[in-house]
Each structure stands twice: as structure tokens, then as C-alpha cells.
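Quick notes on the structure that follows.
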Amino acid sequence: MIDDPSHPGPQDSARMPSRRLLLRAGAAAMAAPFGLGIGASQAWAPGPGAPFDPGPLCRPVAAEAPAAPLRPVKLAWNATAICTAAAPVAKEQGIFARHGLDVEFVNFGGSTEALLEAIATGKADAGIGMALRWLKPLEQGFDVKITAGVHGGCLRLLADKASGITDIASLKGKTIAISDQASPAKNFFSLLLAKAGIDPDNGVEWRQYPAELLNLAVEKGEAQALADGDPRTWIWLKDPRFTEISTNLSREYADRTCCVVAVRGTLLRNDRAVATALTRAILEGGHAVHENPEAAAKAFAGYGGKGSIGDLAAMLRNQQHGDSPVGGRLKQQLALYGDELKLVNVLKRSTDTAKFAERIYADVLS
């Protein structure tokens, strides 16, 4: 049973258009700058089927000027995380090159925290990662700025059907398998537990296992549920022993970004044009994912992504790559996450989340 019955599961996602995208298709009639269906100060969200036209302010300089040497850029990402598919798509389809960039991928298959540290210390110029993983290090002062949201969705909470768990409330007293104690999945589903009146620290037990073994922990009875991200959770959900309890597209989170683009502070200060070009290229890559999930799945698989092309494409359709918030809308979402993370003792209670969101966001698109 899904916690939010209005949210389609994997078996429905290929048939059901996103509620958000239908709403945004109607909003396209009131399109503001950049020819994107919604003004670029709010979201990079073209209507369904719309051809990509970034408008004059977003077109890469290379399209209007003589060819120049491409600017080398190092982009940190996790090659096993399907939600970062915008990056390989932008590389394979020449989007980075059209924006004047020669992007080298720096793969961090482990924690997203290490990826963020790589950006902050200059080992990479920018990266794609999970907002819920990065907000705590950013509160502590990492010299990294978020420039755009990439998409919504990719975290799932699955339970053993035999456990009797049917919703968030019925997790009380149960054991949840996680990959680490600061994982985005733990942070997100802690929020849902708190909102259901369950103390996320004492009302459930979070038990850590290697990421690839979370399903086995549930199968062996050591845990009754697991919380993790795609592609693993999507593939595990095909096992008839599992049921999906909730996702990070449930309820009020249906319009909330999940993964974000961030750039090194020194790059932003010393070469803002590169930060701008990289952000636009990744957003354009995300649009290409939304328009052709099958091609995006093939690009992701080419960099070692696990899963069949059919499964990977279905995941991408379910992850809402057609909605990438920027500007005021993204800052509002970051502030909301901040307020919620204070409730579960991840961020300091004294943090002013509105000022925090303003501090960690950089507008490179205006």
C-alpha cells in the first residue's frame, strides 16, 4: 500500500502523466522569459512535448561565435545513481560541448558527503547530489553554492508484505534497514515519521547495512522495511515480497526537488560564466531525459548504471525530470527542507532557514 494513493507506483508511471506536468502544461500559456513554459526565475519546466528552446539569454555562446577551445570542467557525480542521468545525457548528446565545456566526470560511488567535499576542496568544479544530504554540510560552511534543482523523486521506503506495515504510522516499533545513518533516505523518511507523530530517533530502529544488502536484511527478518534510492529500490520492488509504503513524491512533496546542481564557490566568484554554462547544460540535459527516457537510460547504462534499459527508462519517467526549480521557487524549497530538518535534529534549531537558503543558493541564470 502506498502512503499517498494519488501517487502512482512503478507499475503505473509509464501510463499516467505526472499531475505536476499536466498543471505545468496549462501554465505554459502564461510563459515568461526564456521560452520554457515557466519563467526561469522559478523553474526550468517545459511543458510536455515542448521542443527545447532556451531563448536568447540561455543559448550557448558557441552557437553565435567562432569555435573556441572548450573550457575543461570537472563534474562530480555518482555513476550508480540513476537520478544523475542528466549528466551523461548532456555529455553523450554534445550539450556540454555546445555550451563551450569539456566536462570530465569524477565518480564518487560512495557517500554524497564525500562528493560535496570534493567540490568544496577544488577536486571538482561542480556536482550533482541529494539536497537532503548536502544541507547539513552546507550549514557548517562548505564553500559550495546550489544553482538549480534537477528533478523530484528517487527515494523509496519498501516493506515486507508479511510485516503488516501498510503506511508510515504502522512503522512504529519496527526496524528499517538503511545504507548509513546520514543517508538522504533516512533523513527524508524521518520527516514523514515525525509528521505522523512518531519520534524518528526512538520510535523506530534504523539499522545500517551495505547498500546492496538492504533487501536481504528484510528477507532474513532482521528488518521489516528498508529506505534507499533508485535504481536499487525500483528493482527490489519487482520482488512480490515487497510493497512500496511511501516515496519522496508523496503528498506535499510532489513538487519538491530531490537532487540539485552545486558549484564550487571559487569557480562562481572567478569564472561565473562557466558556472552559468554548466548549470544550463545540466538543465538542458534534464530536459532531454524528460523528453526521451529510453535514450537517457542507454546513456546512463553506458557509464556503468545497473538495470535493464526498460527498467531504467521507467525509473526516469517516474522521477519527474520535467520539473527543475530555480530562483525563488528553489530557495523556498530549500528553506522548507531546512525547517523540516530542524524538527528531526539534523540542522541546528537556531538556524534561520530563510537566510540559510539565501546563503547557499546562487542565481547564475538571471
Side-chain angles (χ1 to χ4, degrees), residues 44 54 58-63 65-131 133-134 137-138 142-151 231 259-289 295-306 312 316 321 324 362 364-365:
W44 191 281
C58 290
R59 291 191 186 107
V61 173
L70 299 181
R71 168 66 154 81
V73 173
K74 290 185 177 181
L75 179 68
W77 74 315
N78 184 340
T80 66
I82 182 68
C83 51
T84 62
V89 167
K91 191 172 184 71
E92 294 304 306
Q93 295 188 7
I95 295 171
F96 286 137
R98 290 199 297 273
H99 283 267
L101 304 174
D102 177 14
V103 173
E104 175 189 347
F105 289 153
V106 181
N107 181 25
F108 284 83
S111 84
T112 314
E113 228 161 11
L115 189 153
L116 180 60
E117 184 177 358
I119 304 169
T121 57
K123 296 175 184 175
D125 298 301
I128 302 176
M130 304 282 289
R133 171 79 80 171
W134 284 3
L138 290 176
F142 275 72
D143 187 20
V144 174
K145 301 291 185 181
I146 294 171
T147 59
V150 180
H151 73 91
C259 294
V260 295
V261 182
V263 302
R264 180 166 42 87
T266 51
L267 176 69
L268 188 66
R269 292 187 291 273
N270 300 333
D271 205 341
R272 186 182 183 87
V274 171
T276 298
L278 182 65
T279 301
R280 288 172 175 164
I282 291 172
L283 292 175
E284 189 174 335
H287 175 75
V289 172
K298 292 177 182 177
F300 173 73
Y303 285 83
K306 296 181 180 179
L312 294 173
L316 292 170
H321 287 264
S324 302
V364 298
L365 298 177

* Asked: What's the shortest heavy-atom distance between A281 and A90, and which atoms?
  -> O-CB, 4.0 Å
* Structure fact -> For D143 and R269, the nearest pair of non-hydrogen atoms, with its separation, is OD2-NH2, 2.8 Å
* Asked: What's the shortest heavy-atom distance between G149 and S324, and which atoms?
  -> O-CB, 3.1 Å
* To do: Mind telling me whether F105 and Y303 have parallel, tilted or perpendicular rings, with 30° and 60° as the class edges?
  => perpendicular
* Check: H151 and C259 side chains under 4.5 Å, non-hydrogen atoms -> yes
* Asked: Closest heavy-atom contact between V263 and A126?
  -> CG1-CB, 3.8 Å
* **Non-hydrogen atoms of A87 and W77 that approach each other most closely** => CB-CE3, 4.4 Å
* Asked: Taking it one step at a time, do D125 and L278 satisfy side chain to side chain contact (heavy atoms under 4.5 Å, CB included)?
  -> CA-CA 10 Å; D125 298 301; L278 182 65; 5.6 Å; no
* Inter-residue atom distance W134.CH2 - I146.CD1, 0.5 Å rounding -> 7.0 Å
* Under the side chain to side chain contact (heavy atoms under 4.5 Å, CB included) rule, what do N107 and N78 come out as? Steps first, then yes or no, please. => CA-CA 5 Å; N107 181 25; N78 184 340; 4.3 Å; yes
* To do: Heavy atoms only: give me the nearest H99-R280 pair and the separation to one decimal.
  => CE1-CB, 3.8 Å
* Short N-O contact, R98 and E284, less than 4.0 angstrom -> yes
* Asked: Just by distance, do the side chain of K306 and the backbone of P231 share a donor-acceptor pair under 3.5 Å?
  -> no
* Start with the C-alpha distance between L75 and F96, add both sets of side-chain angles, then the distance that settles side chain to side chain contact (heavy atoms under 4.5 Å, CB included), and finish with yes or no. => CA-CA 11 Å; L75 179 68; F96 286 137; 4.2 Å; yes
* Walk me through it: do L283 and L365 pass the test side chain to side chain contact (heavy atoms under 4.5 Å, CB included)? => CA-CA 11 Å; L283 292 175; L365 298 177; 3.9 Å; yes
* **Any V364 side-chain heavy atom under 4.5 Å of K145 side chain** => no
